[in-house]
Amino acid sequence: MREIFAGLPWWVKWVAVPVIALVVFGGLMVTVVHFVISLLFKLLVFVALVGGLIYIVRKFMSSSSSRSDW
């Protein structure tokens, strides 16, 4: 591989090859990034919903136990 790139100008190695790689694999990279961000967002929504549910249940349980003591 080094022999192939040895005789080429710098702009081919550092500009043209990365641009070609982005064109070829760009759709795949966008898909992977979209999947990761979507997964993190769903995880955040899940944590928020579970936390809200726990808060509501604890608040309801504490208010119902104080009524039974009354």
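Small disclaimer: the values here were computed from a predicted structure and weren't measured.
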His34 backbone acceptor or donor facing Ser38 side chain under 3.5 Å
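Pair absent, no side-chain N/O of Ser38 close to backbone of His34.
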Co-membership, hydrophobic cluster, residues Ile4 and Val12, 4.5 Å side-chain
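In one cluster: yes.
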Do Phe5 and Ile20 share a hydrophobic cluster, counting only Ile, Leu, Val, Met, Phe, Trp and Tyr and linking them when any side-chain heavy atoms are less than 4.5 Å apart?
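Hydrophobic grouping puts Phe5 apart from Ile20.
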Group every Ile, Leu, Val, Met, Phe, Trp and Tyr by side-chain heavy-atom contacts under 4.5 Å, then state whether Trp11 and Leu8 land in the same group.
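Same hydrophobic cluster.
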Would Met29 end up clustered with Val24 when hydrophobic side chains under 4.5 Å apart are linked, directly or stepwise?
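Yes.
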Cluster link Phe41 to Leu49, ILVMFWY, side chain under 4.5 Å:
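Linked within one cluster.
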Which Ile, Leu, Val, Met, Phe, Trp or Tyr residues join Val30 in one cluster when any pair of side-chain heavy atoms under 4.5 Å counts as a link?
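The other cluster members (ILVMFWY side chains, heavy atoms under 4.5 Å, direct or chained): none.
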Drop me the distance from Phe35's CZ to Leu40's CG, to the nearest 0.5 angstrom.
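One gets 9.5 Å once the value is rounded to the nearest 0.5 Å.
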